[in-house]
Amino acid sequence: MAGSSLWSATCREEAGAIALDRDLDVDLAIVGGGFTGCSAALEAARLGASVALLEAHDIGHGGSGRNVGLVNAGLWLPPDDIAAALGQEAGERLVATLSEAPSRVFDLIERHAIDCEPRRAGTLHCAHAPSGARDLENRFRQGNRSGAPLTRLNADETRARTGAKGLHGALFDPRAGTINPLAYCRGLARAACEAGARLFAPAPVTRLERQSDCWVLSANGQTVRTNALLIATNAYHEGLEGPHAPRFVPFSFSQYATGPLPDAVRSDILPGGEGCWDTATAMTSFRLDAEGRLIVGSVGNREGVSGRIHTSHARRMVRSLFPAAGEEPFRHAWHGTIAMTGDHLPKLLAFGPNALTSFGYSGRGIAPGTVFGAAAARALVTGDVDSLPMRPVTAHAERFARTRAFTCEFGAALIHACGPGSR
């Protein structure tokens, strides 16, 4: 089994990034070439601003290119918890904004003809145990109260929709869907270039400072001077420390993909094409791609010391959920890092004049990242801070981040060592 991403193996989009070989003066500089950065570059260019995006590796190198590919509405938190954390008015605004976020993603895909296997068949949040079914009931009540068109499925209906054994119900969200996330990210980048933005990769930023009335960045021996600055590195922030650096708990998630399943096996697994994840503490995801490959994922770092445990767990999960596919070999395996925040809410950090950092989507990067990136670009280019989905903060800290990250990885390894029944 190769340690390679399915998304990179099947991506047909070209980002259009070039080498940074000269000094630049721009209206907006963006550091980071993921969903947030590429969405921001596209929006700023559409508004007529001059844009330079600097990515340390390749476009989509970080979490955006390693994502499960579920285009979900909302956040991990249910609406009442968001309102409790932000206040009723701010919470309702964020919930409403992110309720429409999948539409924003699929509209961009259609408008720019992004070749990313889009399928808007909805997603299923599946109950791994009776306790999970109770959690879904709570989410159903809160979601429908806030206007979400959710549908409850009982165990038999869930079995029919997924083909999976041992689930105790599900919550269906028709707003959502699936994509190849790396192809979507690179498609956004290509669209940004077509709109006039300039994307540079690899171009790691080695210096960032405020000089007089502008921001000055150094990368590849060149200097970029800019009126406004967006840091969009999320969980893959490298090198530069300071008040602009995102603070989060790094949280690993690994994925495994088979080859295209035989027709007789494929026909019984997710015949409607939904993407799925479950209610377990060490969450599991499963979906098919356009060619009928089964993709399963779960919490944990397959390249770390517990890698064999996580890989064995993935194999047992396939055998448990989909016995007919249980012996299909994994052809691809990869992992990524999620930027988790203590309250599971994304952050907009205002760290200086005309400067924002956006991070902390806590596993919901595609739709929120797209929306936050575009909104940040509008605010920085036009000064319209009312377009931001939430109020920026001037500081954010995550206490004991390394300890909490170790605890998450250790806990996932312990759960996975005990087998699927212990999820």
Side-chain angles (χ1 to χ4, degrees), residues 1-12 65-70 116-119 121-126 128 158-167 170 177-183 252-278 280 282-304 306-336 412-413 415-423:
M1 176 180 61
S4 63
S5 164
L6 171 64
W7 309 134
S8 60
T10 58
C11 177
R12 294 184 292 271
R66 306 161 194 251
N67 194 284
V68 176
L70 305 185
C116 63
E117 302 180 14
R119 185 164 187 178
T123 54
L124 291 164
H125 192 179
C126 300
H128 76 293
T158 301
R159 174 68 180 269
R161 291 282 281 269
T162 63
K165 295 177 60 179
L167 299 176
T178 59
I179 57 173
N180 175 325
L182 177 60
S252 293
F253 197 85
S254 294
Q255 295 184 77
Y256 305 82
T258 69
L261 297 175
D263 289 344
V265 176
R266 178 180 178 180
S267 62
D268 291 332
I269 298 176
L270 295 167
E274 302 92 343
C276 304
W277 77 103
D278 70 13
M283 187 200 81
T284 293
S285 64
F286 53 95
R287 55 164 295 195
L288 298 173
D289 77 344
E291 298 300 320
R293 299 176 182 88
L294 177 61
I295 307 155
V296 295
S298 193
V299 175
N301 181 357
R302 62 169 294 274
E303 294 183 1
S306 302
R308 289 187 178 181
I309 293 174
H310 298 314
T311 299
S312 295
H313 168 77
R315 171 52 60 200
R316 291 197 307 272
M317 285 306 304
V318 174
R319 290 171 178 156
S320 174
L321 291 169
F322 307 109
E327 303 311 314
E328 292 289 330
F330 294 136
R331 303 297 185 188
H332 299 273
W334 67 102
H335 87 283
I415 290 170
H416 290 171
C418 294
S422 302
R423 293 182 293 150

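Positions are given from 1, in the same order as the sequence printed here.
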> Can you list the residues that meet the ring-ring contact (aromatic ring centres under 6.0 Å, His included) rule with Phe253, with sequence neighbours excluded?
Replying inline: none
My understanding is that only residues two or more places apart in sequence, or in another chain, count here; which of them pass side chain to side chain donor-acceptor pair (under 3.5 Å) with [X]?
X      : value
Thr10  : Asn180
His310 : Glu409, His416
Arg319 : Glu327
Arg119 : none

Distance check, rounded to the nearest 0.5 Å: [X] atom [atom1] versus [Y] atom [atom2]?
X      : Y      : atom1 : atom2 : value
Ser8   : Leu182 : OG    : CG    : 6.5 Å
Met317 : Phe322 : CE    : CZ    : 8.5 Å
Thr258 : Leu6   : OG1   : CG    : 9.0 Å
Leu321 : Leu167 : CG    : CG    : 6.0 Å
Ser252 : Arg66  : OG    : CZ    : 10.5 Å
Asp278 : Met283 : CG    : CE    : 7.0 Å

> With Ala314, which residues qualify under side chain to side chain contact (heavy atoms under 4.5 Å, CB included), at least two apart?
Replying inline: Tyr256, Val296, Phe330
Minimum-distance pair of heavy atoms, taken over all atoms of [X] and [Y]:
X      : Y      : answer
Ile179 : Arg287 : O-NH1, 2.8 Å
His128 : Ala280 : ND1-N, 3.4 Å
Cys11  : Ala183 : SG-CA, 3.6 Å
Pro260 : Arg293 : N-CG, 3.6 Å
Cys276 : Thr162 : SG-CG2, 4.3 Å
Ala325 : Leu294 : CB-CD2, 4.3 Å

Do [X] and [Y] come within less than 4.5 Å of each other through their side chains, counting heavy atoms only?
X      : Y      : result
Leu261 : Glu328 : yes
Leu70  : Trp277 : yes
Trp7   : Trp334 : yes
His313 : Ser298 : yes

Checking [X] side chain against [Y] main chain: does a donor-acceptor pair fall under 3.5 Å?
X      : Y      : value
Arg316 : Thr311 : no
Ser254 : Gly300 : yes
Gln255 : Asn67  : yes

Using residues 263-272 as the side-chain source, report each donor-acceptor pair under 3.5 Å to any protein atom, sequence neighbours left out, with the distance given to one decimal.
residue: Arg266; atom: NH1; partner: Glu291; partner atom: O; Å: 3.4
residue: Arg266; atom: NH2; partner: Ala290; partner atom: O; Å: 3.2
residue: Ser267; atom: OG; partner: Asp263; partner atom: O; Å: 3.4
residue: Ser267; atom: OG; partner: Ala264; partner atom: O; Å: 3.3

> Got a sec, which residues hit salt bridge (Lys or Arg N to Asp or Glu O under 4.0 Å) with Arg12, two or more places apart in sequence or on another chain?
Replying inline: Asp115
